[in-house]
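So the structure is just underneath, and the comments pick up after that.
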Amino acid sequence: PWFEGDWRPLSFYDKIAQNRASDAHTLCLLDIKTREPDYHALAATGKTHYLPPRFMTVAEAIAQLFEAEDTKRLGACSSETLAVGLAR
């Protein structure tokens, strides 16, 4: 999931670390947000409006993974870790 404000869920990192310790691969599906209500517009107009769709990029996912590594320090990844990223 996207990190937003102070919300930093790190459960994805634990699974990656467990798989690395077991010499296993990990498939990470990146976050998408479609049809998310715009609460500011709802409060202002009383009508439901939706934010444009967002698709997490590989670069955003890597940045969050490195932030999780800096926080937990379990050795799940480094700048030397081989990874493959695909996005639309």
Side-chain angles (χ1 to χ4, degrees):
W2 267 288
F3 291 172
E4 296 183 21
D6 292 335
W7 187 61
R8 299 279 193 267
L10 300 178
S11 58
F12 68 92
Y13 177 84
D14 296 328
K15 181 54 77 175
I16 294 169
Q18 288 171 354
N19 286 351
R20 290 269 303 171
S22 300
D23 243 1
H25 295 86
T26 306
L27 173 66
C28 299
L29 302 177
L30 305 186
D31 202 359
I32 61 171
K33 294 201 181 285
T34 59
R35 250 177 111 68
E36 295 286 318
D38 183 344
Y39 295 111
H40 295 292
L42 179 62
T45 66
K47 296 181 181 179
T48 303
H49 294 280
Y50 296 98
L51 297 168
R54 290 177 33 193
F55 301 88
M56 181 180 280
T57 66
V58 173
E60 289 170 316
I62 295 293
Q64 289 187 191
L65 182 58
F66 283 160
E67 184 176 329
E69 177 63 42
D70 287 343
T71 300
K72 294 217 168 193
R73 299 195 180 278
L74 296 177
C77 66
S78 74
S79 61
E80 302 298 315
T81 304
L82 178 62
V84 176
L86 303 171
R88 84 180 249 206

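- Summarising the local packing, CZ of F55 is surrounded by more than 12 heavy atoms from other residues, nucleotides or ligands at distances under 6.0 Å.
- Distance check, rounded to the nearest 0.5 Å: CZ of R20 to NE2 of H25 gives 10.0 Å.
- Here the CD atom belonging to Q64 is positioned 11.0 Å from the OG1 atom belonging to T71, to the nearest 0.5 angstrom.
- Legend: residues meeting salt bridge (charged side-chain N to carboxylate O under 4.0 Å, His left out) with D38, ordered by chain and number and at least two apart, are absent.
- The backbone N or O of S78 lies less than 3.5 Å from no partner atom in the side chain of E69, so there is not a single donor-acceptor pair.
- Residues satisfying the salt bridge (charged side-chain N to carboxylate O under 4.0 Å, His left out) test with K72, not counting sequence neighbours, are D14.
- Minimum heavy-atom separation, A61 to L30: CB-CD2, 3.5 Å.
- Note: the hydrophobic cluster containing F66 also contains M56 (ILVMFWY, side chain heavy atoms under 4.5 Å, direct or indirect links).
- In this structure, L27 CG and K15 NZ are separated by 13.0 Å, a value rounded to the nearest 0.5 Å.
- Members clustered with L10: F3, F12, Y13, I16, L65, L74, by chain and number, using a 4.5 Å side-chain heavy-atom cutoff among hydrophobic residues.
- V58 approaches A87 most closely through the heavy-atom pair CG2-CB, 4.0 Å.
- Between atom CH2 of residue W2 and atom NZ of residue K33 there is a gap of 6.5 Å, rounded to the nearest 0.5 Å.
- Shortest non-hydrogen contact noted between T34 and P53 is CG2-CB, 4.1 Å.
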